[in-house]
Amino acid sequence: MAQIVLGIDYGTTRIGLEIARGPLAEPLEILENDDQTILKLVEIIDQEQVEQLIVGLSENQMAEKTKLFARQLELATNLPLEFVDETLSSYEMHRKLIAAKRSVKQGPIDHFVAAQLLQDWLDS
């Protein structure tokens, strides 16, 4: 049976989630980043029976915030956690959505970005 992996695109406002139960990553949902975020993630992880966490890591100050968040999540879940480079990932997803003639004004794309991050990890 394939390992269940949760990909996380961390943002200070929203957190995009995606799941892979095999070789394909799928957008899962978008969480508002608030004081209940870790608790909500633990519930989702339990519900989805997640075995591995993948967190997108950008640059500079955002990277430090993401590492702090990841440490808290790792302590709360005791699951293996890996970082993947997400530099320019939102920009690239906007380009892909435009190329696919999908409006980027339809709402947040965090879960699509997260799915691409997880897919890149699965493919590597």
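At a threshold of 4.5 Å between non-hydrogen side-chain atoms, the residues Val55 and Leu81 count as touching.
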Item to check | Candidate pair Leu53 and Ile45, rule side-chain contact (heavy atoms from CB on, under 4.5 Å), full reasoning | outcome: CA-CA 9 Å; Leu53 302 171; Ile45 288 165; 3.8 Å; yes
Next on the checklist: Quick one, Asp34 with Lys40, criterion salt bridge (Lys or Arg N to Asp or Glu O under 4.0 Å). Give me CA distance, side-chain angles, the key distance, then yes/no.
Outcome noted: CA-CA 10 Å; Asp34 58 27; Lys40 291 177 199 171; 3.1 Å; yes
Next on the checklist: One pair to check against side-chain contact (heavy atoms from CB on, under 4.5 Å): Leu39 and Gln36. What are the steps and the verdict?
Outcome noted: CA-CA 5 Å; Leu39 180 61; Gln36 297 295 307; 3.2 Å; yes
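Considering only residues two or more places apart in sequence or on other chains, Glu51 meets the side chain to side chain donor-acceptor pair (under 3.5 Å) condition with none of them.
Atom CD in Gln52 sits 5.0 Å away from atom CD in Glu82 (nearest 0.5 Å). Note that the CD1 atom of Ile19 and the CD1 atom of Ile44 stand 9.0 Å from one another [nearest 0.5 Å]. Here CG of Leu41 is found 7.0 Å from CG of Leu6. Values are rounded to the nearest 0.5 Å. Note that CD1 of Ile8 and CD1 of Ile54 are 9.0 Å apart. Values are rounded to the nearest 0.5 Å.
Counting only distance, with no hydrogens or angles, the side chain of Asn33 and the backbone of Gly11 share a donor-acceptor pair below 3.5 Å.
Across all non-hydrogen atoms, the minimal contact from Ile4 to Arg21 is CG1-CG, 4.2 Å. Closest heavy-atom contact between Ala25 and Ala20: CA-CB, 4.1 Å.
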Ignoring hydrogens and angles, write down the donor-acceptor pairs under 3.5 Å from the side chains of residues 60-78, residues two or more places apart or on other chains.
{"from": "Thr66", "atom 1": "OG1", "to": "Met62", "atom 2": "O", "distance (Å)": "2.8"}
{"from": "Thr77", "atom 1": "OG1", "to": "Leu73", "atom 2": "O", "distance (Å)": "2.9"}
{"from": "Thr77", "atom 1": "OG1", "to": "Leu79", "atom 2": "N", "distance (Å)": "3.3"}

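Neither Leu28 nor Leu24 shares a network with the other; the hydrophobic side chains, linked directly or stepwise wherever heavy atoms of I, L, V, M, F, W or Y lie under 4.5 Å apart, form separate groups for each.
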